[in-house]
Amino acid sequence: MPVPNSYIGQIFSQLADLLEIEGANQFRVRAYRNAAQIVSQWPRSLAEIIARGDELPKIAGLGKDLSGKVTEIATTGNCSLLQEIEKRIPGQLSTLLKIPGLGPKRVLLLRDCLRIENLRDLKRAAQEGKIRELPGLGPKIERVILRELRKPQVELPGSGEAPEKRRMPRQTAEQIIHPLLHWLENVLDVKRLIVAGSYRRGQETVGDLDLLATCDSPLSAADSIMERFIQYEEVASVLARGRTKTSVWLRSGIQVDLRVIPEESYGAALHYFTGSKSHNIAVRALGVKKGLKINEYGVYRGSRRIAGSTEEQVYRAVGLPYIEPELREQKGEIEAAFEDHLPSLVTLQDIRGDLHAHTLATDGRATIEELAEAALRKGYQYLSITDHTRHLTVAKGLDPGRLLEQIRKIDQINEKLGDLRVLKSSEVDILENGSLDLPDEILRELDITVCSVHYKFNLSREKQTERIIRAMDNPYFNILAHATGRLIGRRPPYEIDMERLMLAARERHCFFELNSQPDRLDLNEHHCRLAKELGVKVAISTDAHHVSELEFMRYGVTQARRGWLEPENILNTRSWPELQRLLFSKRSYSPLSRDHPQNSRDSLRKHMQSGRHRVPNSDS
DNA sequence: GCCGTTTTCGGCCCGACTGTTTTCAGTCG
């Protein structure tokens with residue numbers, strides 16, 4: 001089993017922490033931290049590439065030395081540099097960095113003066129009042145340490161593991177942010193109020209919220225908005241209170257930072273507080289090369305401010321076109337901007353229909369008509385009704401007979417609807433042996449199929465991948481739904497070889513779904529980029545179980561944008577005739593298809609007449 | 001340790017806030 005990229009990333013992150021504590025060159029530390037992020041998020045398994053004997057791809061940020069360490073970790077599971085450093089300082093020292101207020105200097109001080117090597121030692125020293133006696137530290141930091149160590153996620157047995165910072169789905173964050181924005185609106189002299197940070201970049205989960213307010217210079221409204229902010233009833237504690245920046249902790253467990261900036265600095269501030277940090281560093285470095293200084297107040301040549309009221313101005317100052325927030329992760333967007341190869345990202349307006357929705361017939365809470373009317377109101381051209389199949393008994397999955405009834409009903413609805421076409425479809429279970437949960441005779445009656453894994457998540461990577469590829473061999477398999485099965489924060493993805501699956505899908509004219517449910521967002525952004533690179537088209541679908549969930553499309557579109565996807569890469573940006581042509585390429589590809597002359601069109605009738613199902617009234 | 005729109009060495013983003021100080025180091029984003 002090759003080591004996952006995340007494991008290599010963790011070692012780099014650990015190296016960065018320990019080197020920083022040792023007082024190593026800060027740029028060397030940054031290189032390791034940067035590499036940790038790059039490697040963890042790299043869409044393909046680096047260990048597999050090495051195991052195959054292939055060359056590692058050229059990755060910006062991984063030079064000769066770090067590439068060598070990737071190879072070492074991938075082949076041996078260990079890193080000699082880490083072992084060497086751990087002879088000098090204990091590895092667990094890095095866990096102390098997770099305590100707010102403790103950075104490398106103080107951690108080293110704690111070790112040198114009090115022999116503190118882990119969280120347990122730290123707790124004992126704090127309880128005995130020894131921390132406050134150290135130079136530069138005092139009773140306040142001691143209280144913070146004890147408070148943090150009382151939190152269950154920090155106090156870990158053996159104190160060896162880093163605590164996970166809590167992150168929430170965007171939908172949850174929206175429920176927190178909207179009332180807060182409402183509370184802050186209408187403060188006199190506040191011109192604009194906007195959520196920046198990772199939320200604006202469209203990250204799938206939100207760890208903290210960055211609010212930006214502008215007012216006329218010189219910060220006429222700063223005091224009143226800060227005061228209003230800390231009076232918000234959901235504020236549990238005020239972490240920092242300054243003239244231009246205030247941070248609070250909300251009862252919901254999320255940190256919110258509010259920055260107040262002069263209106264003229266809006267663009268520079270929005271750019272700065274949108275991040276990401278590494279993107280900002282790269283943009284500022286470009287500025288430095290041009291003799292410019294870029295901060296949240298503007299772009300400066302010497303002491304003269306030359307730009308900053310819009311983000312476009314900031315980018316123009318360093319010779320770049322505007323870069324969309326979702327791309328600002330320092331993952332090639334600046335290089336693409338230089339080469340004029342930035343993607344024209346898909347937007348909500350590009351979407352022509354939804355290809356995954358459930359009704360009352362199974363586990364949905366809406367009728368076909370209700371969903372269809374809502375889709376029509378959204379201006380869609382088509383909507384797929386994709387109820388579950390019989391294997392998913394907990395969702396009252398449809399057997400062939402009930403599905404045929406639904407097909408007839410959809411035909412009747414389509415006669416009445418006019419501009420919207422309801423597609424006859426199904427979310428077909430992929431069984432353990434890779435077969436589909438409906439006979440081909442039924443599947444061929446559908447306009448489109450969405451196929452998914454709902455059980456046996458714990459198969460080996462090899463078996464799970466084989467299972468899905470076998471399913472794709474079926475001539476009626478169109479879209480692989482929620483490919484990894486993850487539920488954000490609740491269930492990890494099951495093991496699959498995503499690249500192999502995508503290559504198999506391409507060969508078989510199949511597609512991948514980007515499921516827009518806010519706790520799924522499955523594919524993730526890296527999978528989206530991989531799909532684009534491999535030429536596999538993606539359907540952005542809501543998997544709606546209620547009319548209101550058709551609105552989840554926006555989460556899917558945001559995720560797709562983070563994955564650099566353009567309208568061309570998306571299945572449901574196409575009109576129904578265009579989509580039909582793409583689907584037809586699958587059936588005409590397959591030797592088992594009814595569209596091949598040797599396959600009789602009336603085999604459905606034969607199947608139904610075998611006695612297991614009622615025969616439909618007519619060929620639908 | 002990385003990298004080249006000053007290219008193989010020399011530079012690498014920038015400011016706010018806190019706590020412990022009495023002018024600033026450390027931390028954070």
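Naming: A, B, ... by sequence-line order, numbering from 1 per chain. All values derive from a computational prediction rather than experimental measurement.
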With a 4.0 Å cut-off on heavy atoms, is A/Ala60 in touch with a base, just the backbone sugar-phosphate, or nothing at all?
sugar-phosphate

The Watson-Crick or G-U wobble partner of B/dT8, with both key distances under 3.5 Å, is none

Looking across every strand, which nucleic acid part, if any, lies under 4.0 Å from A/Lys290 by heavy atom: base, sugar-phosphate, or nothing?
nothing

Minimum-distance nucleotide to A/Arg106 side chain [options: B/dT20, B/dC13, B/dT27]:
B/dT27

Respond yes when some side-chain nitrogen or oxygen of A/Arg28 is under 4.0 Å from OP1 or OP2 of B/dG1, and no when none is.
yes

Taking any heavy-atom pair under 4.0 Å as a contact, classify A/Asp65: base, sugar-phosphate, or nothing.
sugar-phosphate

P spacing across the pair B/dC28 / B/dT20, given as an integer number of angstrom
14 Å

Among the nucleotides B/dC17, B/dG1, B/dT5, which one has an atom lying closest to any side-chain atom of A/Lys245?
B/dC17

Given atom CG of A/Leu96 and atom C1' of B/dG26, what is their separation to the nearest angstrom?
15 Å

Of the nucleotides B/dT20, B/dG1, B/dC14, which has the atom closest to the A/Tyr32 side chain?
B/dG1

What's the NE2-P distance between A/His279 and B/dC14, to the nearest Å?
15 Å

Answer yes if the side chains of A/Thr274 and A/Arg200 hold a donor-acceptor pair under 3.5 Å, and no otherwise.
yes

Could you tell me whether A/Arg111 and A/Asp121 have a side-chain N and a carboxylate O separated by less than 4.0 Å?
no

Measure the acute angle between the ring planes of A/Tyr315 and A/His271, then classify it against the limits of 30° and 60° as parallel, tilted or perpendicular.
perpendicular

Heavy atoms only, 4.0 Å cut-off, all strands: where does A/Pro135 land among base, sugar-phosphate and nothing?
nothing

With a cut-off of less than 4.0 Å, is there a side-chain N or O of A/Lys140 near OP1 or OP2 of B/dG19?
yes

On a whole-Å scale, what distance lies between the P atoms belonging to B/dC14 and B/dT8?
23 Å

With a 4.0 Å heavy-atom cut-off, tell me which residues in residues 295-331 of chain A come close to DNA chain B, sorted by residue number.
A/Asn295, A/Glu296, A/Tyr297

Compare the minimum distances between each of B/dT27, B/dG1, B/dT18 and the side chain of A/Leu66, then state the nucleotide with the smallest one.
B/dG1

Just checking, A/Arg170 and A/Tyr199: is the charged tip under 6.0 Å from the six-membered ring centre and within 45° of the axis?
yes

Measuring from the side chain of A/Asn25 (C-beta onward, heavy atoms only), which nucleotide among B/dG29, B/dG1, B/dC14 has the closest atom?
B/dG1

Write down the distance separating the P atoms in B/dC2 and B/dT21, rounded off to the nearest Å.
39 Å

Check every atom of B/dC12, B/dC17, B/dC2 against the side chain of A/Ala240 and return the nucleotide holding the closest atom.
B/dC17

In whole Å, what separates the C1' atom of B/dG11 from that of B/dA16?
25 Å

Length of the CD-C1' vector between A/Gln26 and B/dG26, whole Å
13 Å

Roughly how many Å apart are B/dG10 and B/dT27, using the P atom of each and rounding to a whole number?
31 Å

In whole angstroms, the gap separating P of B/dG11 from CZ of A/Arg30 amounts to 15 Å

Aromatic A/Tyr297 / basic A/Arg305 pairing, under 6.0 angstrom, 45° off normal:
no

Using atom CD1 of A/Ile131 as one end and atom C1' of B/dT20 as the other, report the distance to the nearest whole Å.
15 Å

We want to know whether A/Gln313 and A/Ser309 form a side-chain donor-acceptor pair, criterion being a heavy-atom distance below 3.5 angstrom.
yes

Hey, is A/Glu329 close enough to A/Arg201 for a salt bridge, meaning N to O under 4.0 Å?
yes

A/Ile254 CD1 to B/dG29 P, in whole Å, measures 13 Å

Phosphate-side-chain proximity, A/Thr244 and B/dC17, N/O vs OP1/OP2 below 4.0 Å
yes

Inter-nucleotide C1' distance (B/dT6, B/dC12), Å rounded:
14 Å

B/dT22 and B/dG26: how far apart are their P atoms, nearest whole angstrom?
15 Å

Identify whether the distance between the nearest side-chain nitrogen and carboxylate oxygen of A/Glu263 and A/Lys191 falls below 4.0 Å.
no

Give me the distance, rounded to whole Å, that separates B/dC9 from B/dG19 when you measure between the C1' atoms they each carry.
40 Å

Provide, to the nearest angstrom, the distance between the CZ atom belonging to A/Arg259 and the C1' atom belonging to B/dC14.
11 Å

Between P of B/dC12 and CG of A/Asn34, the distance in whole Å:
17 Å

Between A/Arg241 and B/dA16, does any side-chain N or O lie under 4.0 Å from OP1 or OP2?
no

If you round to the nearest 0.5 Å, how far is CG of A/Asp519 from CD of A/Glu204?
11.0 Å

Rounded distance (nearest 0.5 Å) linking atom CD1 of A/Ile145 with atom NZ of A/Lys140
14.0 Å

Side-chain N or O of A/Lys277 closer than 4.0 Å to phosphate OP1/OP2 of B/dC28:
no

Walking DNA chain B from its 5' end, the first of A/Leu292 and A/Ser67 to be reached, judged by nearest nucleotide, is A/Ser67

May I ask you to say what A/Leu286 touches in the nucleic acid, namely base, sugar-phosphate or nothing, with a heavy-atom cut-off under 4.0 Å?
nothing

